[in-house]
4 protein chains.
Amino acid sequence: MQPINLREYERLAESRLDAEVWSYYAGGAEDEVTLRANESDFDRFRLRPRVLADVTSIELSTTVMGEPVSMPVLVAPMAGQGMAHAEGECATARAAAAAGTIMAASSSATCSLRQIAESCPGARWFQLYVRYWDEAERLVKEAESVGYSALVLTADLPRMGNRERDVRSGFKLSRGFHVPNYLDRQEGFQLPSLTWKSLERIRAWSSLPLVLKGIHTGEDAAIAVEHGVDAMVVSNHGGRQLDGAVSAIEALPEAVEAVRGRCEVYMDGGIRRGTHVLKALALGARAVFVGRPILWGLAVDGESGVRHVLEILKCELERAMALAGCPDLSSVSNSHIMRAVDGSQV
Amino acid sequence: MQPINLREYERLAESRLDAEVWSYYAGGAEDEVTLRANESDFDRFRLRPRVLADVTSIELSTTVMGEPVSMPVLVAPMAGQGMAHAEGECATARAAAAAGTIMAASSSATCSLRQIAESCPGARWFQLYVRYWDEAERLVKEAESVGYSALVLTADLPRMGNRERDVRSGFKLSRGFHVPNYLDRQEGFQLPSLTWKSLERIRAWSSLPLVLKGIHTGEDAAIAVEHGVDAMVVSNHGGRQLDGAVSAIEALPEAVEAVRGRCEVYMDGGIRRGTHVLKALALGARAVFVGRPILWGLAVDGESGVRHVLEILKCELERAMALAGCPDLSSVSNSHIMRAVDGSQV
Amino acid sequence: MQPINLREYERLAESRLDAEVWSYYAGGAEDEVTLRANESDFDRFRLRPRVLADVTSIELSTTVMGEPVSMPVLVAPMAGQGMAHAEGECATARAAAAAGTIMAASSSATCSLRQIAESCPGARWFQLYVRYWDEAERLVKEAESVGYSALVLTADLPRMGNRERDVRSGFKLSRGFHVPNYLDRQEGFQLPSLTWKSLERIRAWSSLPLVLKGIHTGEDAAIAVEHGVDAMVVSNHGGRQLDGAVSAIEALPEAVEAVRGRCEVYMDGGIRRGTHVLKALALGARAVFVGRPILWGLAVDGESGVRHVLEILKCELERAMALAGCPDLSSVSNSHIMRAVDGSQV
Amino acid sequence: MQPINLREYERLAESRLDAEVWSYYAGGAEDEVTLRANESDFDRFRLRPRVLADVTSIELSTTVMGEPVSMPVLVAPMAGQGMAHAEGECATARAAAAAGTIMAASSSATCSLRQIAESCPGARWFQLYVRYWDEAERLVKEAESVGYSALVLTADLPRMGNRERDVRSGFKLSRGFHVPNYLDRQEGFQLPSLTWKSLERIRAWSSLPLVLKGIHTGEDAAIAVEHGVDAMVVSNHGGRQLDGAVSAIEALPEAVEAVRGRCEVYMDGGIRRGTHVLKALALGARAVFVGRPILWGLAVDGESGVRHVLEILKCELERAMALAGCPDLSSVSNSHIMRAVDGSQV
């Protein structure tokens, strides 16, 4: 029977993948406190639905940095999708395009930038790790030339998080498959010397807008704006980097407040339901990225699986908006959410 | 052995009903976060009993919109009661009348408005879904003509919630039985274009007072008052519509505050004990509606079961008031309750 | 092996008593929310120990309404102790006297007031239920004449709580044994018409000081003072009356604040450790009453068991005070405790 | 397979030690509320990582009271290490020295002060219990003469905590092995008459700086500063003394605030991860002590085990700092942490 929600995809994917690959996808850093908090902290917020709005038609379409998308749900950059399905990122890219949304292709993809671009009729962004300056420059230029429309620079991987599931299984991303974007077989983490000043250098390589991914605090959100980023993603790398770090949904409000509308703010981490998307929107996100659930769809049924996962989320979000009295995204606001513990406004 | 509390009725009912019907009654939307919160959030409040009041006799009788009831516990509108017992809503109506309280008959009842009216010597209200304007008008006029004394317009069903238990079981309300109030076999949800302006049109069909059901926020409570509703029900449809929405007991205080006494405020959701009723009263409700427990009684023992369920609640409430030092409903106040977490006043 | 703490006594007692009697002693009202909260709410507070005080000798002795006791731990009034041990309240009274503390004998004792008095060389108080005015007057006068030194009037039993364990087992206190203080076989609950004004009438029967038991709120604590009570017990009757009521340890600070030193405030409910006693003292109690643990000791080993239970508590309290830097009771203060959740002062 | 984190060392150690010895090491006082809180309260705080700092090299070295250490992680004084490994404290001392950090040797060590000193090329501190004045003076002078560089006076053991695991097993530290520092076989607890005034007398015996261990409150932290201590350890003796006392990590901020930089503040209790160390540093600790995990390493693999435990912590802390954007200890601040429950600043 076809899964009816993302949790069912999760269970199916676990049953189909090699234990080692599953652990790589599912795991977080050390005690996985942040991994769990990314999901469970959505329950710290409760929706405040409004009634008797005209919700005959619900408009989910929006833009992200000016690009139209069918819904405020984008596909997060994730490494090594070839381990989930033979067609890997190319399947994901086609599914994203079919859903009318944007996929961010990882530097550590198992398909090359060009392969993904060619297989995908829609918009796509390129997620960059600056492992080496020359490699990074080459990749950015290639991304621009084959039609990627934005750079997503990951900021929270100056080194690899301590993912003990992989330590135990002996899993290494670089061992099992080829990363065509890289000339060597090193892991994908970033130059630890990358700083705010590096942004200027990276921007100079192309005309692509720059999205900074991995913001955890209002302080860094403000600094990012001052350095002219075009957008940012509040994210803790799916709980895979610093364990004990604040969850994504809890970090979102302070980032939004610090940005004060000067650029778009996205988030990722723990989205499993349309109501989670709605909560993130109510807390000020322009859109969310979805990560692991995409891999679950890919593992279960390739491109079709990813399309279905995206369709479920869209359907859930659309219903949630109708039930919350929001006919379009501009009508979603801070007044639609409160803290569960005491009903205070966020 | 006869059940001694509502929980025991719940377990008995589960054992007697078809699994599919049970799931339809018991289930909530998606992850059932709000379903569970409706019950568990009563524990967020603690009673502050007063002693040495004269509680020789406890007066539970009150009025709702001017109609006398033996206690501030009403029977919530629920669809498809024929699945619980052959006599369906007619049995429930007789039990409510015997208990001296009011039953709200659902548009989606398995008995017709007239059948229910004829079987019930007491007062009854009619719960309306505006599926089609002509049908709604016909039903309202019929309700008035056969002696219903108020309209309860449900505001939180512009579409059906995502009830995954039913998706999995394939259950459809319209498949298993006939809804005599409807000419077609569509599900009972409402026109999504219904808005605050629609209230005027609906009121014009009859002279019945209008109760608006499905208020979740102080904002909508205030708007409802401004639109002249005669009363309102703070309710999230038993956790069956927007999952992640605020629980009913948590939404109650802000609605009461916004209304500022301009109309009566009722609530439903999670009432399983007389002390729950007392908590709702202390938070400002004029009365509560009880839903699922009525179905449990109906499933276990038809009219007698419903009567017993209502009798248990009455007995529990009466004792709770005596133990709290409240000889009548007017003596119940905000000072009888506090937040459990820190003892703060609500 | 001899039990080393009260929990071990609890388990032993459960294994030795008839299931029905055990349930009567152990149970609370309805869902037992308050019963559990009485114990678990002690964990809401954390001790703030001070170091490098001279704790060579720890002085636990104090007075309660002027009467000297070896420690601020008294024996709570409890009905029907003959079900736990053949010698019933007489054994308990001897153990209390041996421990240098005061036992409050219940109106519903299985030994008569005189029997208890004669078997007990120490001080004792009499707990009164005003079931009938003439009976109550007779009992108070008898209590005074045989040497009880205070009256403890229970305020929270205008009717019996809904103890479902007893409903299920069919247990009735009056069935299993004789209550010599009563001429009939009715349950021991109080006239529901008893009010604050009744206190005057009760005081007129004797010269005994009056302790009011069953205070849950600051409001009633203040009223009690205004009515001239000599002391009060913050108590919810061991969670056996109004389920959902505030726990005893949470109610204590507001009662203490309202009393403002005008009379002594005691508490009972959930004391299982010397550190619990210390927490109650730090929150302003002059002394605590211990209930169920006394029955556990009585059931396990009669008078010896009660003595050992009291000895364990004394030993634990003495150690806790030493470790908290408190050489005597006057050095215990509000500064020795804080709320666990956020470290705020109580 | 070699353990990869401290929890794995814990499980291995439990499997290798006698049950009685394990219980002695693992246990806490009474209900072990504080023991558990020491660990779990770290989850009450969440890290706020900063990105795009240059974290090419992470500098962990610091000083404690002027002495250089390779990292802000010291070895806590613990009694009876000979029960974990034949080489006992000597093995621990060598491991600490190899790791470039300081070991605090317990008065109740199974090796003499001299043996430890001779086996350890690095710096070491001496933890003092003042059981008898003459013994204490002798020990302090001996410690100074054989090269200990600081005194750590334990303040929270005026008597032994109520460790029920040991009561049940019959374990006595003094029975199983010889404490060479003591001439008798009494347990190691302190003179209960020790007070703040005693500090002067103790300081007069040597020129060693004095670290006061066992501070739980801001009040005592301030008094300690006024009495001229050179440093202090916020600690509740690993949850082994007063059960129900505030956890170490919760007590830390108020101590730090009270001290206002006038001396160094360390903490111990519940450190199991590098992120725990980082949280303690962010809350104002200069360094932390690690206790039980050292014993786990010692039990599993003697000196090598301890070295590995320290190496794991160092590696975890180094990574955590890099991921938090902190290239050195001076860059760690209060802004890197927040309360989990509501995001408030600590």
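Letters A, B, ... mirror the listed sequences (proteins, then strands); counts begin at 1.
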Trainee: Heavy-atom pairs under 4.5 Å with chain B are the metric here; pick the option from C:Ala224, C:Ser193, C:Ser247 that has the most.
Mentor: C:Ser193
Trainee: Can you measure from CE (B:Met321) to CG (C:Leu242) and round to the nearest 0.5 angstrom?
Mentor: 11.5 Å
Trainee: Considering only heavy atoms and a distance below 4.5 Å, find which of B:Gly274, B:Cys315, B:Ser57, B:Ala322 pairs most often with chain C.
Mentor: B:Ala322
Trainee: Heavy atoms only, distances under 4.5 angstrom: which of C:Asp156, C:Asp243, C:Thr217, C:Asp342 has the most pairs with chain B? Name it, please.
Mentor: C:Thr217
Trainee: Roughly how far, to the nearest 0.5 Å, is CG of C:Asn162 from CD of B:Glu316?
Mentor: 6.0 Å
Trainee: Is it true that C:Asp41 and B:Arg46 have a side-chain N and a carboxylate O under 4.0 angstrom from each other?
Mentor: yes
Trainee: Measure across C:Glu219 and B:Ser335 and return the closest heavy-atom pair with its distance rounded to 0.1 Å.
Mentor: OE2-CB, 4.2 Å
Trainee: Contact between B:Leu52 and C:Ser198 at the side-chain level, heavy atoms closer than 4.5 Å - yes or no?
Mentor: no
Trainee: Tell me which of these, C:Ala37, C:Gly244, C:Gly161, has more heavy-atom pairs under 4.5 Å with chain B than the rest.
Mentor: C:Gly244
Trainee: Identify which part of B:Gln2 has an atom lying under 4.5 Å from any heavy atom of chain C, answering side chain, backbone, both or neither.
Mentor: neither
Trainee: Strictly below 4.0 Å, N to O, side chains only: are B:Arg273 and C:Asp31 in salt-bridge contact?
Mentor: yes
Trainee: Rounded to the nearest 0.5 Å, how far apart are CZ of B:Arg7 and CD of C:Glu164?
Mentor: 11.0 Å
Trainee: Can you tell me which portion of B:Ala53 sits under 4.5 Å from chain C's heavy atoms? Options are side chain, backbone, both or neither.
Mentor: backbone
Trainee: Hey, is B:Glu318 close enough to C:Arg159 for a salt bridge, meaning N to O under 4.0 Å?
Mentor: yes
Trainee: Taking all heavy atoms of B:Ala340 and all of C:Arg44, pick out the closest pair and write down the distance.
Mentor: O-NH1, 2.6 Å
Trainee: Atom CD of residue position B:Glu257 - does it have more than 12 heavy atoms of other residues, nucleotides or ligands inside 6.0 Å?
Mentor: no
Trainee: List the steps, then state whether side chain to side chain contact (heavy atoms under 4.5 Å, CB included) holds for B:Asn5 with C:Glu30.
Mentor: CA-CA 9 Å; B:Asn5 60 36; C:Glu30 301 190 341; over 6 Å; no
Trainee: With a 4.5 angstrom heavy-atom cut-off, could you sort out which part of C:Ile223 is near chain B: side chain, backbone, both or neither?
Mentor: side chain
Trainee: Go through C:Pro192, C:Gly214, C:Ala155 and name the one with the most non-hydrogen pairs under 4.5 angstrom from chain B.
Mentor: C:Pro192
Trainee: Would you mind telling me which of B:Val55, B:Val341, B:Leu278, B:Leu47 has the largest number of heavy-atom pairs within less than 4.5 Å of chain C?
Mentor: B:Leu47
Trainee: I need the B:Asp54 CG to C:Leu191 CG distance, nearest 0.5 Å.
Mentor: 10.0 Å
Trainee: Measuring heavy-atom distances to chain B, does C:Val246 have an atom under 4.5 Å in its side chain, in its backbone, in both, or in neither?
Mentor: both
Trainee: State plainly whether the residues C:Glu250 and B:Arg48 are in salt-bridge range, i.e. N to O under 4.0 Å.
Mentor: no
